[in-house]
Number of protein chains: 2
Amino acid sequence: MVQQDDSRVRRGRKFNQVLAGARTVFLEHGFEGASVDDIARVAGVSKATLYSYFPDKKLLFLEVARAECARQAEEAVQLIDQSAPAAQVLTEAARRIVAFLLSDFSRRVFRICVAESDRFPELGHQFYHSGPQMVRERLVEFLQKAVARGELQIDDLDFAADQFATLCKATLHEQAMFGVCTCAPPPAAEKVVQGAVEMFLARYGTGRIMTDRAPEAAHPDRV
Amino acid sequence: MVQQDDSRVRRGRKFNQVLAGARTVFLEHGFEGASVDDIARVAGVSKATLYSYFPDKKLLFLEVARAECARQAEEAVQLIDQSAPAAQVLTEAARRIVAFLLSDFSRRVFRICVAESDRFPELGHQFYHSGPQMVRERLVEFLQKAVARGELQIDDLDFAADQFATLCKATLHEQAMFGVCTCAPPPAAEKVVQGAVEMFLARYGTGRIMTDRAPEAAHPDRV
DNA sequence: AGAAAAGTGAACTAATTAGTTCAGAATGGG
DNA sequence: CCCATTCTGAACTAATTAGTTCACTTTTCT
């Protein structure tokens, strides 16, 4: 959290102020919608100072995006915890993924990356690799262990992980993205979580699930 | 296809030219990135003519978006065809959904709707209702019949339909969105299709699937 | 043909924007 | 306390933009 001194091009003590201001304004208005004067004002810094750090608006934007992607990656890294029963681990993972997807922060970063990713192709790549791909790698790591334990049976781990992460977007992600339901009601989120886990286990679970619930918990609505 | 005369506010014969030009430029550059002079030039029309149809840029943009959403809806409507075996219908539906999601057209419209949906809240709603919601309604329609026939067992049809549509986004949609893999290799798409159908049937299928393939086709990688 | 409607193009306003410049104020280390 | 670095603020350029205006041409209808 205190690695803001890792850098190469900085020259002064208001660098972080500039970055913070830029972050605020870019996340609020996107690239085109943000004016450099606004950024300087919000950062509490003169325009001259801003331009002494960043030669132009594009590089400032990319720097902000890079920092946000790194932040996102950090959050994602602490996703998968243990070698607990698959149902339990998956449920917790799904909860965090869904919560993250519905967060205001994620919404803004996602939106801006989608919007600007053909003006700045490397931005899309950065986001993808620090976000979705990171989550997938962690999931694969876990799935591997669960397969070894005989809890799951999966031939393509990457694909399965993708399917699971994708299932976490059901209903709510799209709605949040398009502002259809700005509120994020917790019961709905939990339904998506349970739905993802149930479907995933129905497809990839062996009989030998060692969960704390009864084995048929994976198919609760089959009488 | 010839209902371009359904209208209210038009006054002249170059209306469609204007709309077509605006469509091209907006889809290419987004709202802010598109200049009215560019639009007029691409439309082959004078700026004065353009402004004689649309009082300002925003309304022109919203009109283009409305038309594109309607187009999208039309494509989606002819998604579900028959009361064939579930596996077959779902496979065909998934193929069309995946193909649509990967199309250049969809990518552009999606991107622009995500980007501008807090500048124009109604745009997000429009897109959602004419796109994802339309698809879901058609799917629900089919799922209902399949449940009645005993092929599927589903308690929440809306949610199940959402899950299915969501599964069609696995891997490729995100990649296309962020420009990670601009090419859309058909085998990868077919894998997503099969994966979606298999997972869906594993969760919601009864034993009584009347497909043209053997019953265990729904779980082909279980030995 | 003749008149009304539709379209043109080019010049114009007013506003905003990215980026520059510079004389001087604040800051901080030795 | 001095001096170099950093920062300021305000004015400036040059470019772009949305939207307007108007004398003039083209199309269309009858």
Side-chain angles (χ1 to χ4, degrees), chain A residues 4-5 7-66 112 115-116 118-120 123, chain B residues 4-66 112 115-116 118-120 122-123:
Chain A
Q4 71 259 32
D5 298 81
S7 65
R8 35 231 109 162
V9 264
R10 102 187 33 172
R11 290 207 299 273
R13 67 203 106 105
K14 302 217 170 174
F15 185 90
N16 291 320
Q17 272 184 53
V18 173
L19 221 57
R23 176 183 180 274
T24 302
V25 180
F26 278 134
L27 286 183
E28 182 82 25
H29 298 105
F31 179 75
E32 294 268 18
S35 89
V36 177
D37 291 81
D38 268 8
I39 293 174
R41 194 175 38 73
V42 168
V45 140
S46 79
K47 225 172 143 187
T49 300
L50 186 154
Y51 275 105
S52 82
Y53 289 134
F54 299 96
D56 63 18
K57 194 187 175 188
K58 279 191 180 185
L59 287 186
L60 176 54
F61 177 74
L62 283 176
E63 190 56 30
V64 168
R66 204 190 55 78
I112 215 173
E116 309 294 348
D118 60 24
R119 193 191 314 266
F120 304 104
L123 175 59
Chain B
Q4 70 261 32
D5 299 83
D6 55 42
S7 63
R8 39 230 107 162
V9 262
R10 103 186 33 171
R11 292 207 296 274
R13 69 203 104 106
K14 302 218 170 174
F15 185 89
N16 291 321
Q17 272 184 54
V18 173
L19 221 56
R23 176 183 179 276
T24 301
V25 180
F26 278 135
L27 286 183
E28 183 82 24
H29 297 105
F31 179 75
E32 294 269 17
S35 88
V36 176
D37 292 79
D38 268 8
I39 292 174
R41 194 175 39 75
V42 168
V45 141
S46 79
K47 226 171 141 187
T49 301
L50 186 154
Y51 274 105
S52 82
Y53 289 135
F54 299 96
D56 63 20
K57 195 188 174 186
K58 279 191 182 187
L59 287 185
L60 175 55
F61 178 74
L62 283 176
E63 190 56 29
V64 168
R66 204 189 57 76
I112 216 173
E116 308 295 348
D118 61 23
R119 194 192 313 267
F120 304 104
E122 67 266 53
L123 175 60

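Per chain, numbering begins at 1; letters A, B, ... match sequence-line order. Values below: all heavy atoms of this structure, side chains included; hydrogens, waters and symmetry mates excluded.
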*A:Asn16 CG to A:Tyr53 OH distance, which is reported to the nearest 0.5 Å*: 8.5 Å
Mind listing the N/O atom pairs, protein and nucleotides 9-18 of chain C, below 3.5 Å?
| unit_1 | atom_1 | unit_2 | atom_2 | d |
| --- | --- | --- | --- | --- |
| C:dA18 | OP1 | A:Ala34 | O | 3.4 |
| C:dA18 | OP1 | A:Lys57 | NZ | 2.7 |
| C:dA18 | OP2 | A:Val36 | N | 2.9 |

*What distance do A:Lys57 atom NZ and A:Phe31 atom CZ have between them, rounded to the nearest 0.5 Å?*
4.5 Å
Between the protein and nucleotides 24-29 of chain D, list every N/O to N/O distance that falls short of 3.5 Å.
none

*Nearest-Å distance, CD (B:Gln17) to C1' (C:dA6)?*
12 Å
*Roughly how far apart are A:Glu116 CD and A:Phe61 CZ, rounded to 0.5 Å?*
5.0 Å
*Once you round it to whole Å, what is the distance between C1' of C:dA5 and OH of B:Tyr53?*
11 Å
*Nearest-Å distance, CG (A:Leu50) to P (D:dG9)?*
14 Å
*CG of B:Asn16 versus P of C:dA6: gap in Å, rounded?*
15 Å
_Going by side-chain hydrogen bond (donor to acceptor under 3.5 Å, both in side chains), name the residues that satisfy it together with B:Ser46, two or more places apart in sequence or in a different chain._
B:Thr49
*Any idea which heavy atoms bring B:Val18 and B:Val45 closest together, and the distance?*
CG2-CG1, 4.0 Å
*Grab the two heavy atoms, one from A:Ile112 and one from A:Gly30, that are nearest each other, plus how far apart they are.*
CD1-CA, 3.7 Å
Under 3.5 Å, side-chain donor or acceptor atoms of residues 22-29 of chain A against the rest of the protein: list the pairs with distances, not counting sequence neighbours.
| unit_1 | atom_1 | unit_2 | atom_2 | d |
| --- | --- | --- | --- | --- |
| A:Arg23 | NE | A:Glu68 | OE1 | 3.3 |
| A:Arg23 | NE | A:Glu68 | OE2 | 2.7 |
| A:Thr24 | OG1 | A:Ala20 | O | 3.1 |

*For B:Tyr51 and B:Leu60, run side-chain contact (heavy atoms from CB on, under 4.5 Å): C-alpha distance rounded to whole Å, both residues' side-chain angles, the deciding distance at 0.1 Å, then the answer.*
CA-CA 9 Å; B:Tyr51 274 105; B:Leu60 175 55; over 6 Å; no
*Pull out every residue in residues 18-25 of chain A that has a heavy atom closer than 4.0 Å to any atom of DNA chain C, ordered by number, or say none.*
none
Considering only distance and modelled atom types, tabulate donor-acceptor pairs under 3.5 Å from the side chains of residues 32-43 of chain B, sequence neighbours left out.
| unit_1 | atom_1 | unit_2 | atom_2 | d |
| --- | --- | --- | --- | --- |
| B:Glu32 | OE2 | B:Arg119 | NH1 | 2.9 |
| B:Glu32 | OE2 | B:Arg119 | NH2 | 3.3 |
| B:Ser35 | OG | B:Asp38 | N | 3.0 |
| B:Asp37 | OD1 | B:Lys47 | NZ | 3.4 |
| B:Asp38 | OD1 | B:Arg41 | NH2 | 3.1 |

